[in-house]
Amino acid sequence: MGFRPLSAGERFYYVLHPSPTVVIVTKCPNGRYNAMPASWNMPVSEEPPSVAVAIDRESYTFECLESHPEATINVPHSGQADLVYALGSVSGRDVDKVAKYGLKLEESASISVPRWSDAIASIEARVWKKMDVGEVRLYVFEVLGVYVRGDLYTRWGWDLTKTSTLLHGAGRTFYTVGRRLVARKIS
Ligand SMILES: Cc1cc2nc3c(=O)[nH]c(=O)nc-3n(C[C@H](O)[C@H](O)[C@H](O)COP(=O)(O)O)c2cc1C
């Protein structure tokens with residue numbers, strides 16, 4: 001069987017999913033903090049360290065980032081799928097998600113937006129560059145500090161025998177990271 005073209009009703013981006021999900025915490029014009037999941041994210045450069053996230057301009061997070069251009073980019077684990085889905089299903093414009101979902105926050109070292117204490121990693125970041133693309137604003141954040149759960153992280157990254165990052169498939173479907181493969185050495 002060869003390729004078939006996607007039909008008009010199919011979402012093109014599912015060919016690039018499942019995608020690692022982060023929870024973006026921002027400081028909002030109402031003085032409160034807000035949290036939204038984002039699976040359209042990627043590391044961009046090492047020097048300086050930077051991360052890009054595509055944020056819908058209709059989201060409250062967009063409004064919060066425009067008023068306060070700092071965020072923590074928090075990495076949830078696979079046991080938090082229900083919570084992450086819930087955070088992505090309501091807007092901070094209508095609901096105080098931090099209060100409603102009892103999100104535990106802690107002070108960051110380099111910015112005034114807090115980290116999410118129950119994440120397995122938290123990146124402190126400041127907006128560096130931005131570009132409008134279609135309905136989103138693509139934010140490139142400069143990474144100012146990175147904090148990991150020391151019992152789960154090794155010099156090669158996550159110890160997947162102990163935890164898994166959360167990959168977003170489609171709708172309410174998420175995946176955990178599966179088998180570890182090590183590619184053959186180039187001779
Ligand atoms: C797993 C998951 C991943 C998501 N990824 C993104 C994303 O990368 N960019 C985006 O703009 N919205 C994304 N969304 C949708 C937002 O999280 C959702 O619109 C949210 O309610 C916005 O919250 P806010 O208005 O409080 O900012 C995602 C939702 C889920 C459940």
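When a residue number appears, it is its place in the shown sequence, counting from 1. In listed order, ligands and their atoms are each counted from 1.
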Taking ring-ring contact (aromatic ring centres under 6.0 Å, His included) as the test, write out the residues that go with Y33, two or more places apart.
none
If you look only at pairs with a residue in residues 37-148, which of them pass as a disulfide bond (SG atoms under 2.5 Å apart), with sequence neighbours excluded?
C28-C64
Modelled atom types, side-chain donor and acceptor of E106 and S117, under 3.5 Å:
yes
Neighbouring residues of ligand 1, heavy-atom cut-off under 4.0 Å
N34, M36, P37, A38, S39, W40, A54, I55, D56, S59, Y60, T61, L87, G88, V90, S91, G92, K97, H168, F174
Tell me, which pairs form a salt bridge (charged side-chain N to carboxylate O under 4.0 Å, His left out) where one or both residues lie in residues 49-59, sequence neighbours left out?
R57-D132
Spacing of OG belonging to S91 relative to CD belonging to E63, to within rounding of 0.5 Å
8.5 Å
I'd like to know if the side chain of Y60 pairs up with that of N30 as donor and acceptor (distance under 3.5 Å, no hydrogens or angles considered).
yes
